[in-house]
There are 2 protein chains.
Amino acid sequence: MKYIEKLRNSGLRPTKQRLQICEVLFDTEKTFHFTINDLANKIRKQLNNKISLATVYNTVHAFEKKGYLKQIPINSNQTYFDTNVSDHHHFYDLKDEKLIDLEASEVGPIKILKQINGKKIKSVEVLVKLED
Amino acid sequence: MKYIEKLRNSGLRPTKQRLQICEVLFDTEKTFHFTINDLANKIRKQLNNKISLATVYNTVHAFEKKGYLKQIPINSNQTYFDTNVSDHHHFYDLKDEKLIDLEASEVGPIKILKQINGKKIKSVEVLVKLED
DNA sequence: CACTTTTTTAGAATCGTTATAAACTAGAAA
DNA sequence: TTTCTAGTTTATAACGATTCTAAAAAAGTG
Ligand SMILES: [Mn+2]
Ligand SMILES: [Mn+2]
Ligand SMILES: [Zn+2]
Ligand SMILES: [Zn+2]
């Protein structure tokens, strides 16, 4: 398995559940956005298997901490995650409630002209809301 | 009262509760960021009064719909609102969990080079995460 | 005032997320 | 292999922000 090393290197034991979640998250052509529930459903269908919701939460948070997933800053009743961990931005379609990637190269350079004393910038994320 | 007209013009009856919430929200030198709970507490202290939580929720949502408040897109267990309804951006201090305004003039012009078919841009918001 | 519509309210319900604690498992040591 | 231990999974309970409910109160109208 190609994910065993990845997990071990992160100090995470390569358990059956984690490897299966890796498959669903990372064995894809394209990256995607998901909620915990989306992911739980995908696991059930795609792997014909059920992993405890608690484990899905735990794993997603562990992966996020390790930098294998990103949380998308958006207001929703559910938290959205992204398998695209590159520096990039998002469109949010207000009508369809859907997220669309907006690559950093598709946004002109962003200059932040204000400094906050004693703090440094960790990330700069743009959210573009769309209407019809 | 200076808010009676404002409310009437919005099709909202100027009730005692709404007028009091207006006072707390808009009778300030500076704009500010708040959660529903922040606001409920402020009402209790500042006006020595208690307004039902349901009413605070109702009013904040009504004001947001009318454009008197903005919701700030951020991941938190609570929803953040802003009395600054101008187009502007935010720093988010990850350690202190605090929001700081970043005026549009303090960010270089943002060019969105990607178009989504049949959709138009409603807003462009930047979130700058800060660490020590 | 009489009447209708909107608003407020306490409390219940909802639901995403987190905590709990017992059973299980991976990895290492013996 | 067997034993040991720390890490993991799991079902379920707890939590908490938000929404819903339905009855009482207030606002607007004539
Ligand atoms: Mn959230
Ligand atoms: Mn929220
Ligand atoms: Zn994305
Ligand atoms: Zn602001």
Side-chain angles (χ1 to χ4, degrees), chain A residues 1 3-25 33-44 47 49-66 68-69 71-81 97 99, chain B residues 1 3-25 33-44 47 49-66 68-69 71-81 97 99:
Chain A
M1 280 301 205
Y3 297 115
I4 292 181
E5 269 310 290
K6 180 175 178 160
L7 290 171
R8 282 231 177 81
N9 292 337
S10 312
L12 298 171
R13 287 188 182 172
T15 64
K16 183 165 60 107
Q17 291 86 349
R18 283 176 179 158
L19 289 169
Q20 291 182 326
I21 291 174
C22 279
E23 269 186 62
V24 173
L25 290 177
H33 307 122
F34 66 93
T35 65
I36 298 284
N37 246 295
D38 292 340
L39 180 54
N41 289 335
K42 220 166 194 169
I43 291 163
R44 217 171 314 121
L47 304 175
N49 182 22
K50 183 190 170 295
I51 295 177
S52 163
L53 236 204
T55 298
V56 180
Y57 272 99
N58 288 340
T59 303
V60 165
H61 288 140
F63 286 5
E64 189 206 0
K65 191 167 294 178
K66 296 301 178 182
Y68 305 145
L69 292 174
Q71 214 182 321
I72 301 172
I74 196 178
N75 284 113
S76 165
N77 49 328
Q78 291 178 82
T79 303
Y80 275 83
F81 293 90
E97 296 184 322
L99 285 162
Chain B
M1 278 306 204
Y3 297 114
I4 291 181
E5 272 308 293
K6 179 174 180 162
L7 289 171
R8 281 232 176 78
N9 292 340
S10 313
L12 299 171
R13 289 185 180 173
T15 64
K16 182 166 58 104
Q17 290 85 347
R18 283 175 179 159
L19 290 168
Q20 290 182 327
I21 292 174
C22 279
E23 268 186 64
V24 173
L25 290 178
H33 308 121
F34 66 94
T35 65
I36 298 285
N37 245 295
D38 292 340
L39 180 55
N41 289 335
K42 220 165 193 170
I43 292 163
R44 218 171 313 123
L47 306 173
N49 182 23
K50 183 192 169 295
I51 296 177
S52 162
L53 236 203
T55 298
V56 180
Y57 272 99
N58 289 340
T59 303
V60 165
H61 288 141
F63 286 5
E64 189 205 0
K65 191 167 294 177
K66 297 299 178 185
Y68 304 145
L69 291 174
Q71 214 182 317
I72 302 172
I74 196 178
N75 284 113
S76 166
N77 50 325
Q78 291 177 84
T79 304
Y80 274 83
F81 293 91
E97 295 183 324
L99 284 161

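FYI, side chains are in, hydrogens and waters are out, and symmetry mates aren't considered; it's all heavy atoms of this structure. Each chain gets a letter, A, B and so on, in the order its sequence line appears, and its residues count up from 1.
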Winner on side-chain proximity to B:Ile36, out of D:dT18, C:dT7, C:dT17, is D:dT18
query = Are A:His61 and C:dT17 close enough that a side-chain N or O sits under 4.0 Å from OP1 or OP2?
reply = no
Taken to the nearest whole Å, CD1/B:Ile51 to P/C:dT9 is 7 Å
Whole-Å distance, A:Leu19 CG to C:dT25 P, equals 15 Å
Whether A:Arg8 contacts C:dG27 is assessed here as follows: a side-chain N or O lying under 4.0 Å from the phosphate OP1 or OP2. Is that the case? yes
- Indicate whether OP1 or OP2 belonging to D:dT9 is found under 4.0 Å from a side-chain N or O atom of A:Thr15. yes
Whole-Å distance, A:Gln17 CD to D:dA11 P, equals 10 Å
From the list B:Leu25, B:Leu99, B:Asn41, side chain to side chain contact (heavy atoms under 4.5 Å, CB included) partner of B:Phe34 resolves to B:Leu25
Rounded to whole Å, CG of A:Asp38 lies from P of C:dG16 at a distance of 11 Å
From CG of B:Asn58 across to P of D:dA27 the rounded distance in Å is 16 Å
A:Leu53 atom CG is separated from C:dC15 atom P, nearest whole Å, by 14 Å
Have B:Thr35 and B:Asp38 got a donor and an acceptor in their side chains that come within less than 3.5 Å? yes
Closest of D:dT9, C:dA26, D:dT8 to the A:Pro14 side chain is C:dA26
- May I ask you to verify if any side-chain N or O of B:Thr79 is less than 4.0 angstrom from the OP1 or OP2 atom of D:dT18? yes
Against the side chain of B:Ser52, the closest entry in C:dT9, D:dA11, C:dG16 is C:dT9
Rounded to whole Å, CG of A:Leu7 lies from P of C:dT25 at a distance of 18 Å
* Considering just the side-chain nitrogens and oxygens of A:Thr55, establish if one lies under 4.0 Å of OP1 or OP2 belonging to D:dT10. => yes
- Is A:Lys50 near enough to D:dA11 that one of its side-chain N or O atoms lies under 4.0 angstrom from OP1 or OP2? yes
Do we see a donor-acceptor contact under 3.5 Å between the side chains of B:Ser10 and B:Tyr68?
-> yes
Closest to the 5' end of DNA chain D, once B:Asn37 and B:Lys16 are matched to their nearest nucleotides, is B:Asn37
Quick one: does any side-chain atom of B:Arg18 pair with a main-chain N or O of B:Arg13 as donor and acceptor, under 3.5 Å?
yes
Between OH of A:Tyr57 and P of D:dA11 the distance, given in whole Å, is 15 Å
Are side-chain heavy atoms of B:Gln71 and B:Thr79 found at a separation under 4.5 Å?
yes
Is the phosphate of C:dG16, meaning OP1 or OP2, less than 4.0 Å from a side-chain N or O of A:Thr35? no
Side-chain atoms of B:Leu12 come closest, of D:dT19, D:dT9, C:dT7, to C:dT7
Picking from C:dG16, D:dG7, C:dG11, the nucleotide nearest the side-chain atoms of A:Arg13 would be D:dG7
Check: A:Ile51 main-chain N/O paired with A:Thr55 side-chain donor or acceptor under 3.5 Å: no
